[in-house]
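All remarks here apply to the structure that follows.
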Amino acid sequence: MKFDENKAIETITTGIRNVISQDLKKRGAVVGISGGIDSSVVAALCVKALGKERVTGLALPEKDSSPESRELAENLAKQLGIEFVVEDITGGLNGMGCYERRDEAVKRVFPDYEPGMNFKIILKGDPLKDNMLNLFYGAITDNAGNEIEKRLPLKEYMQIVAASNMKQRLRMTTLYYHAELRNYAVAGTGNKNEHELGFFVKYGDGGTDLKPIIHLFKTQVYEVAKAIGVPKDIIDRTPTTDTYPGEVTQKEFFFKLSFDVMDAIWEMHENGATTQQIADKMSISVEQAARVVEDIDQKIKRTEYLRMEPLMAI
């Protein structure tokens, strides 16, 4: 993929500056920083665009969050020289019944499950290997350390996800509190992979004032991160959901492919390449190329409602 990361940084920072000051009439930006690559890049871009004194970084942990996330977020804030605020949202989520509702559904699938056990959702299948449909499985780690997997029935899957999405929505509520307190804008951290394929929560991490990297493939985000000076330990960290008690990578949970492979195939597909051309370029079979393209197209189509503005019923 041809990509000029320095030109991208210049274009995005100019855009951030113009959108916040001219369009939104705000004084600065609030960014939820999670210790992940995307939020770190957005925070660094906002600092470059606005100055460190006009950027606030928020860490929004809850009881299932990895301690590493907060540590990396704090280190990033120190490096950037920005205001850093920690808001633990566990109490709010308890009040909303997030954990109770989730655990209720998990226990129907795993009768031996007890709150506090590691639990995660994983998406089975790899379009480079098989024609397997998108099937979601739950996995718990019992008290003996054994990991047990079961396919999640639709009802239980939907309840677990609905409860878990409260986390993203409460985080956004908290970000807007701090933004309105300072007359700042909320800068979103979603990239193209997340936005176009539907890996975000509507009115959660999808509900922001501006989305600086929404046009960048994940692999391009990494290039920007290196160029703008994001710490190496963040760049080297495996992207995770940081949502469930059991750690699960974004690849396991949703994308199914490594970003370098997926982004390359997706970019060629967008530019009109045939599956034969993709196969030749990627040294894979035509059938493999077709399955990857189909998986991308299906995700875009099935999550279109997430990207829609509210509709009028007249």
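Numbers here simply count residues along the sequence, with the first being 1.
At a threshold of 4.5 Å between non-hydrogen side-chain atoms, the residues Asn191 and Phe217 do not count as touching. Residues Arg171 and Glu62 have side chains in contact (heavy-atom distance under 4.5 Å, counting atoms from C-beta outward). Contact annotation: the side chain of Leu216 approaches that of Phe3 to within less than 4.5 Å [non-hydrogen atoms, C-beta and beyond]. Put simply, the side chain of Leu80 does not reach to within 4.5 Å of the side chain of Val55, judged on heavy atoms. Residues Thr141 and Asn146 fail the side-chain proximity criterion, which asks for heavy atoms closer than 4.5 Å. Side-chain contact between Val292 and Met282 is absent, with no heavy atoms from C-beta onward closer than 4.5 Å. Using a 4.5 Å heavy-atom threshold, the side chains of Val221 and Phe259 count as separate. Using a 4.5 Å heavy-atom cutoff, the side chains of Lys256 and Lys129 are not in contact.
No donor-acceptor contact under 3.5 angstrom links the side chains of Glu10 and Asn6, judged on distance only. A side-chain donor-acceptor contact under 3.5 Å links Gln276 and Asp280.
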Between Tyr203 and Met172, is the side-chain contact (heavy atoms from CB on, under 4.5 Å) condition met? List the steps. CA-CA 8 Å; Tyr203 305 124; Met172 194 51 60; over 6 Å; no

Applying side-chain hydrogen bond (donor to acceptor under 3.5 Å, both in side chains) to Asp260 and Ser258, what does each step give before you reach the verdict? CA-CA 6 Å; Asp260 56 343; Ser258 62; 2.6 Å; yes

side-chain contact (heavy atoms from CB on, under 4.5 Å) between Lys218 and Asp38, worked out: CA-CA 8 Å; Lys218 186 78 167 190; Asp38 300 309; 2.7 Å; yes

Apply side-chain contact (heavy atoms from CB on, under 4.5 Å) to the pair Leu257 and Ile265, showing each step before the final yes or no. CA-CA 11 Å; Leu257 291 169; Ile265 293 175; 5.6 Å; no

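Across all their heavy atoms, Ala185 and Asp209 have their closest contact at CA-OD2, 3.5 Å. Taking all atoms of both residues into account, the shortest heavy-atom contact from Arg102 to Pro245 is NH1-CD, 3.7 Å. Across all non-hydrogen atoms, the minimal contact from Met96 to Arg101 is O-NE, 3.1 Å. Residues Cys98 and Ala163 come closest through the heavy atom pair SG-O, 3.3 Å. The shortest non-hydrogen separation linking Thr90 to Lys63 is OG1-N, 2.9 Å. Residues Pro61 and Glu87 share a closest heavy-atom pair of CD-O, 3.5 Å.
Heavy-atom contacts from other residues, nucleotides or ligands closer than 6.0 Å to CZ of Arg17 number more than 12. For NZ of Lys78, the number of neighbouring non-hydrogen atoms (other residues, nucleotides, ligands) closer than 6.0 Å is 12 at most.
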With a cut-off of 3.5 Å and sequence neighbours excluded, list every side-chain donor-acceptor pair involving residues 40-51.
from: Ser40; atom 1: OG; to: Gly36; atom 2: O; distance (Å): 2.7

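Residue pairs satisfying the ring pair (Phe, Tyr, Trp, His ring centres under 6.0 Å) criterion with at least one member in residues 22-53, sequence neighbours excluded, are absent. Annotation: ring pair (Phe, Tyr, Trp, His ring centres under 6.0 Å) contacts involving residues 161-191, sequence neighbours excluded, are absent. Under the salt bridge (charged side-chain N to carboxylate O under 4.0 Å, His left out) criterion, the residue pairs touching residues 191-203 are Lys192-Glu270, with sequence neighbours excluded.
A donor-acceptor distance shorter than 3.5 angstrom exists from the side chain of Ser39 to the backbone of Ser34, with no hydrogens or angles considered.
By the 6.0 Å and 45° rule, Lys299 does not stack over the aromatic ring of Phe199.
Taking the six-membered ring for Trp and thresholds of 30 and 60 degrees, Phe136 and Tyr157 have nearly parallel ring planes, at less than 30 degrees apart.
For Lys226, the side-chain contact (heavy atoms from CB on, under 4.5 Å) test picks out Glu223, Ile235, with sequence neighbours left out. Judged as a side chain to side chain donor-acceptor pair (under 3.5 Å), and not counting sequence neighbours, the contacts of Tyr113 are Asp103.
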